A.B. asks: 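The structure that follows is given in the form of structure tokens.
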2 protein chains.
Amino acid sequence: MGPLPEGIPMPRPEPISFRRSTLGGDVYEALKSLVLEHRLSPGDRINIDALAREFAVSPTPIREALARLESDGLVRKRPLAGYTVSPLLTRAEFDAMFEMRLLLECASTRWAAERADAARREAISAEAATTVASEEDDPDGWHAAFTALDARFHDLVAEASGNDLLRDGIDRLHAHLHLHRRYFPYAQAGATLEEHRRIAAAIQAADPDGAESAMREHLTRARERHLPAFD
Amino acid sequence: MGPLPEGIPMPRPEPISFRRSTLGGDVYEALKSLVLEHRLSPGDRINIDALAREFAVSPTPIREALARLESDGLVRKRPLAGYTVSPLLTRAEFDAMFEMRLLLECASTRWAAERADAARREAISAEAATTVASEEDDPDGWHAAFTALDARFHDLVAEASGNDLLRDGIDRLHAHLHLHRRYFPYAQAGATLEEHRRIAAAIQAADPDGAESAMREHLTRARERHLPAFD
DNA sequence: TCATCGTAGATCCTATAGGATATTTCCGGC
DNA sequence: GCCGGAAATATCCTATAGGATCTACGATGA
């Protein structure tokens, strides 16, 4: 079993004495990355044997990784016919997802404002102050950087809520959102960042009502920004 | 590959032309059942080779099923050292779970009251009217029956919310709750059923505030009923 | 008696092989 | 040209085998 092929962003570090991961774990991360970074598109067939040849591994770790990704909701399995990448959200699914985001993320923001320690409040504010380079410089790189920034911000808030189950639930939602976002232009980064800063300020000020209201407004506007994609 | 061994409640029906499941799928269901029906206890080591011998199958479908169950949160994997059943909730985890239940299930109940069609409202009321036989007659069977009834009621409400993501989230929470419940006596079935009936009546009456309030009270009391277990 | 080290056996992980099933291609009939 | 059936090929699924790693136990030394 040689090194993983070029183009797969998953270097295999040399084993060291406290290394605890396995090939199977690495394959899961690589496949997840293929999906979330859109090198496998929604609806694409995932050919186990071809992937095993491409990764130069046996099918066994591929199958295990796919089983995990199925439970994560990122791929779908048809028994005896294989796996596909989960499709893009329908309009109804999109609405359900934003409804769920509103439920989970408004709560997480309120709880963060109530409960976060000073270090976490500071980290949220610092993240909200982060900017990304201009979109004209590098459109693809910009998109990835902006997406990563947005994800980090929301995850920091979810972590600060103090409820791990809630954080996990938000993380799962974001994986679905990631799948979706590449295919629908995400306009108005400036507005998004301003909204993040408003949320962070309310959390810093330990203002639960203000924080929840700012997150609600952010998500409502984010939803509106996405809606043209369904026209 | 012969039939599955006695004692495993998973008959393998003869293949029929429209059968779409696989051995791997059957193994997943059987393992999940072992965990949720507590024939594997929290913290138990899961020995892949022994299970493969016991089920008279190869390790491959066992490993895939375990990968899925790990993503479901029901088992935990230590790389190179195998899987264990997820442990019982700590008090802090228990609190986080009930906090999450309150968030998700109060919303699902409110939405069900707002949105459910007449058939669903009727189904919820019918389910709430269902009773289980007396606990003295068959303590083990009673417990399983009561647990199943409770799960069905809550899932009907979640389904009636009209948001599949929310229903999935509640389902995942309930799997964790199932894991926990066998080890802590679930007292006062009468009170629980009365609370279910109050929730159902508010949903039937299309009263979102009343429904949400009834579910909040039910969950708050359920939580209190569990708390002595941590003493 | 306790701690450490070495060894044997058990278990985990992955590769390979083979059978079952699905999909694609080809051919014949209308 | 279109449709249906058969054959060929690809793919999926699972069993088996073998190497890597972990765990448990016994022996030895302080």
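Convention: sequence-line order gives letters A, B, ...; per-chain numbering from 1. The structure presented is a predicted model; accordingly, all values stated were derived computationally and were not measured.
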A.B. asks: Salt bridge (Lys or Arg N to Asp or Glu O under 4.0 Å) for A:R68 and A:E64? Distances and angles first, verdict last.
C.D. replies: CA-CA 6 Å; A:R68 288 174 67 188; A:E64 278 185 49; over 6 Å; no

A.B. asks: Between D:dT21 atom P and A:L23 atom CG, what is the distance in whole Å?
C.D. replies: 12 Å

A.B. asks: What is the separation between atom NZ on A:K77 and atom P on D:dT14, rounded to the nearest whole Å?
C.D. replies: 7 Å

A.B. asks: Take atom CD1 of B:I62 and atom C1' of D:dC13, then tell me their distance rounded to the nearest Å.
C.D. replies: 14 Å

A.B. asks: Between D:dT14, C:dC13, C:dC12, which one does the side chain of B:T60 approach most closely?
C.D. replies: D:dT14

A.B. asks: What's the closest nucleotide to the B:E64 side chain, out of C:dC13, D:dT14, C:dT11?
C.D. replies: D:dT14

A.B. asks: Output the rounded distance in Å from CG (B:N47) to P (D:dC22).
C.D. replies: 16 Å

A.B. asks: Look at all strands and tell whether B:I46 reaches a base, only sugar-phosphate, or nothing, counting heavy atoms closer than 4.0 Å.
C.D. replies: sugar-phosphate

A.B. asks: Check the distance between C:dA15's C1' and A:I48's CD1 and give it to me in whole angstrom.
C.D. replies: 15 Å

A.B. asks: I want to check something: taking the side chain as every heavy atom from C-beta on, are B:L51 and B:E54 in contact at a cut-off of under 4.5 Å?
C.D. replies: yes

A.B. asks: Of the options C:dC12, D:dC13, D:dT11, whose atoms approach the side-chain atoms of A:R53 most closely?
C.D. replies: D:dT11

A.B. asks: Would you kindly give the CG-to-P distance between B:D49 and C:dC12, to the nearest whole Å?
C.D. replies: 6 Å

A.B. asks: Would you say A:S58 reaches C:dA15's phosphate, i.e. side-chain N/O to OP1/OP2 under 4.0 Å?
C.D. replies: yes

A.B. asks: Just the rounded figure in Å: distance from C1' of C:dT14 to CG of A:D26.
C.D. replies: 13 Å

A.B. asks: Starting from P on D:dT21, measure out to OH on B:Y83 and report it in whole angstrom.
C.D. replies: 18 Å

A.B. asks: State whether B:R78 places a side-chain N or O below 4.0 Å from either non-bridging phosphate oxygen (OP1 or OP2) of D:dT23.
C.D. replies: yes

A.B. asks: Here's a test of your reading of the structure: between B:R45 and B:P59, which maps to the more 5' nucleotide of DNA chain D?
C.D. replies: B:P59

A.B. asks: Check for me whether A:R91 meets the cation-pi criterion with A:F94, that is, NZ or CZ under 6.0 Å from the six-membered ring centre and within 45 degrees of the ring axis.
C.D. replies: no

A.B. asks: Among A:L66, A:I62, A:T22, A:L69, which one satisfies side-chain contact (heavy atoms from CB on, under 4.5 Å) with A:Y28?
C.D. replies: A:L69

A.B. asks: May I ask you to evaluate whether B:R63 reaches the phosphate of C:dC12, defined as a side-chain N or O under 4.0 Å from OP1 or OP2?
C.D. replies: no

A.B. asks: Compare all side-chain heavy atoms of B:V85 with those of B:R76 and state whether any distance is below 4.5 angstrom.
C.D. replies: no

